[in-house]
Amino acid sequence: MATNNGHGNNGDGRGPKTKGAGARPEDLKVVGKPFRKVDARSKCVGATKFADDISLPRMLYCKILRSHVPHALIKAIDYSKALALPGVHAVITGKDLPIPYGILPVSQDETALCVDKVRFIGDPVAAVAAIDEDTAFDAMNLIEVEYEPLPAVATIEEAVETSEPRIHDYGDYNNVHKTVHLEFGDMDEGFREADVVREDVFFYEGNTHLPMEQHAAVGHYDADGKVTLWSSTQTPHYVHRALAKTLEMPAAHVRVIATPNGGGFGGKSDPFNHEIVVCELSRRTKRPVKVTLTREEVFYCHRGRHPVLMKSRIGVKKDGSITALDFQSFLDGGAYGSYGVASTFYTGALQTVTYEVPRYRFRGLRAFTNKPPCGPKRGHGTPQPRFGLEVQLDKVAEELNLDPAEMRLKHLVKPNTVTANYLRVGSMGLGACIEKVVEGSDWKNKFRKLPEGRGFGLACSSYICGAGLPIYWNSMPHSGVQLRLDRQGGVCVQCGSTDIGQGSDSVLAYVVAEILGIDPFDIRVVTADTDLTPVDLGSYSSRVTLMTGNAAIQAAERARELLAKAVAEKLSVPVDNLSFAERRVFDVENPEVGVSFPEAVVLAESKYGTIGTVGSYVPPRSPGRFKGAGVGPSPAYSYSAAVAEVEVDADTGYVNVPRVWVAHDIGKSINPMLVMGQVEGSIYMGLGEALMEEMVYRENRNVVHKFPSLLEYKSPTTLEMCDVFTYLVEDADPNGPFGAKEVGQGPLLPVMPAIANAVYDAVGVRIDEVPITPEKVLAALRAKRQGKDARYGPTRTPSPAWPDPLKVPTPAEGGDGKEMPRVAVHS
Amino acid sequence: MTNRQKAHLQFTLNGEETEVAFAPHKTLLEVLREDLNLTGTKHGCELGECGTCAVLVDGRSVLSCLMLGLDTEGRRVETVEGMADEGGLHPLQETFADTGAAQCGYCTPGFLLVAKELLAQNAKPSRKEIKEALSGNLCRCTGYVKIYEAVELAAARMRGEEAELPRESVYGYE
């Protein structure tokens, strides 16, 4: 079909250069304009079909029996009574789906149903398919499981110390899943150069995504032997791979369709047990099978923010410049690997891309515990260290008697440089961001100048625009786009990306419309269907706008070239003279000479045959060559700065946040209104994490979720949400489509530390952990009154056995990105 | 397997006389979604905690997950599917779509109906009144800001005013 079918020119490992980035802003007709989303009206009339809205003829309903014990061997399962219940069509257990899977190749540690042991309360044990949900529920309760309890591991410290039992039979040692030790540059020299050295300990409690839509999936194994899964997933490509593996079917016989996600935030990024289970139940019953998780089950699915204990040792000169940073993080991973190895590296990756850090050391440890598995939540592994670093810098500024905003401004990472840990920073708009929020909030007249009980705090952050490397190693594109042009002028964009509400379907339409000179609403967008769309790796790591955007630009430019050649020939006009705008292709020097867009397609199809083009995107190669260099590199980094205003009630400890000023370096807004929505949503979610959201466990050695409900898991309502004053900084990045960078995750990051810093400004106590609850504020105020350390937070971290450091000389030391050879030690 | 006989219900659904037979223990949410195939009404908890399943019964917002289908006998029920008519979208639907107040769109139907109830009672609500009216509905995407703006814009247009979003709501502050 395609007449121009070239793939991304990735011979040098770099993606295609995007011409779109060179377009003059005044020429843009679609990009930068606040169009409504292409699917917005369907969502507002209730027509959008989410996974649980799908109903197929003869469909059965699935319920999953979950473990009510945190850690145990499964001795026996008797489901004869369940199977005998009228209306029940199948019951399966772990033995029926024994092949392990997991999102990361190094952590294939889950099975669809537990085979011989359960690892947390909520772990799936057996599944039922029945004619309706009630029957499935009754049958589920008739399944008898005999457990042999094992001691549960509840905390990071216990995991480090407990050699038996082990939750998994792999990992570094005891119940430690993974340890990392990286050292960039001469740390001793760095701390010697410092005028002040501080060491602070922080804790960031775990929290969860809480999408309004519970996960749901429908599996259908058809009479021709192929299986289709509709699922509320952010990553249909990885689900596709996991289904082929666990069902032992050729991938070509498996189709995954990601339905529009009713909120994701990272919580629908893993392949899930229930997705595999409904496909297997359908294969056995020859009927479609649906599962919809209850809200309680969504809490057990989790994959949310890791609880992280941190110790940060920082050396600074009197002017606030950092001479060395030595950071340790301890992650409570819960019961499975999930994205955890990547999460661990992310807690140590992006500390270096905001302010100059000439020497840097990172030690990270992820523990297995008998709790719901943690994974990626908005900001994946970076909000925790960012909280620690930004609060620590606030303490540094106070110690040095410097304004925290000015101190940061003086030591920003310079654009187009490589950091000590080999991250290549391109565009860098953080300075402008800080200036915007400082001016907008009247910072200079507020910070340290407000009456007791009111305070201002500032913090900054950065986030990746997609990961530089794929989850499973390969040299193929990270994103593919296919365009089909219809002879009547229709344009269909096909891409594997998944719209989780962020507007990725719309971004595809806007980009293609811009280049072909048509209206975005003329375009049909087909996404997230492994049978119909080229692979896009998924909606995670803020990769979609940058990667699919670039792929869409390439596909659209190839189509435009075909149309232009055909029209040029017809009109006898040089190709370079042709412009595409307002659904026409015309001579720029003589605009009345031209053809309509559908006529242009007819001319091109007559000349070349059916018109279809593809585009693809591969991120640029990272300069890091050491083991562990795979996490952190990105085609571009977004930047954010925020000022929070707080009111602290000294009697109740209650913290109110009336206002947040936030500036975000977006590179270039593909659609400013959608960018604003992402910023506001990020501030909201950050506010929740700062003040109230937490996964809390109780009893049974502290492993039973305390409140798996929307009522008791506190999240901000309209009454808690603050006013948001947003500034968009457009510092176009050469790697972004039209210069665009990410916005879905970055603006969340500065909120928590800005609020913690503002609480200190208001009442003079340091709350070195989130959420900043009234109890913690009161405890710190009490300590202050008693003349003790006016602080609430952890005081110590475990002292585990760390591996020998992998030493990498920094670029400034003449390093080439490779680690130094390790000296072999013989005992 | 449940063997109970089906119940029979007559009510006015989105302006149309409707009859439906369903298992008598079903909630209004289940009757709408499962027996009438109106899947525009969503659910987030089915415990009355999130506001996602809100519909209007006799013009008042109720959580359809907490109301039995049987309790709507003879009453007037309105769901998101009934908001638009031949003349087009309801002004709230239009402004929610145009301003980005619907991101993932899952909580949107509930917000639309509660906002409709509010505007029926108060044609010019203050921001504070909007916040109070919508405080029983959770949204995880928007931070509520664009929702407030969409309600204000729709209210202004329903009053016959020509209104647009303020520039800073679309492009940020200068």
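Each chain gets a letter, A, B and so on, in the order its sequence line appears, and its residues count up from 1. Atoms considered below: every heavy atom in the structure, side chains included; atoms not considered: hydrogens, waters and symmetry mates.
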Indicate yes or no for a side-chain donor-acceptor contact from B/Y106 to the backbone of A/G501 under 3.5 Å, with no hydrogens or angles considered. no
Cut-off 4.5 Å, heavy atoms of chain A, and the answer for B/T52 is side chain
Please confirm whether the backbone N or O of B/A97 pairs with a side-chain atom of A/R41, one donor and one acceptor, at under 3.5 Å? no
What orientation do A/Y727 and B/Y173 show, parallel under 30°, tilted 30 to 60°, or perpendicular over 60°? tilted
Given A/W661, A/F725, A/Y684, the one with more heavy-atom pairs under 4.5 angstrom with chain B than any other is A/Y684
Got a donor-acceptor contact below 3.5 angstrom from the A/K37 side chain to the B/G100 backbone? no
May I ask you to name which of B/G172, B/G44, B/P109, B/A101 has the most heavy-atom pairs under 4.5 Å with chain A? B/G44
Assess whether a salt bridge exists between A/D52 and B/K42, defined as any Lys/Arg side-chain N lying under 4.0 Å from an Asp/Glu carboxylate O. no
If you tally heavy-atom pairs under 4.5 Å between each of A/D499, A/L719, A/L728 and chain B, the highest tally belongs to A/L719
Hey, are the side chains of B/E132 and A/T718 touching, using non-hydrogen atoms and a 4.5 Å cut-off? no
side-chain contact (heavy atoms from CB on, under 4.5 Å), that's the test. Do A/Q214 and B/H43 meet it? Break it down for me. CA-CA 8 Å; A/Q214 303 105 311; B/H43 52 81; 3.0 Å; yes
Among A/P672, A/A40, A/G263, residue most engaged with chain B (heavy-atom pairs, under 4.5 Å): A/P672
Can we say B/R33 and A/E133 salt-bridge, meaning some charged N sits less than 4.0 Å from an Asp/Glu carboxylate O? no
Between B/Q103 and A/G677, is there a donor-acceptor pair closer than 3.5 Å when you use the side chain of the first and the backbone of the second? yes
Most contacts with chain B, counted as non-hydrogen pairs under 4.5 angstrom, among A/I683, A/V88, A/L210: A/L210
Do A/E680 side-chain atoms and B/G143 backbone N/O form a donor-acceptor pair below 3.5 Å? no
From CA spacing to verdict: side-chain contact (heavy atoms from CB on, under 4.5 Å), A/M212, B/C104: CA-CA 9 Å; A/M212 295 316 299; B/C104 82; 5.6 Å; no
So B/L89 and A/V45, do their side chains get closer than 4.5 Å, heavy atoms only? yes
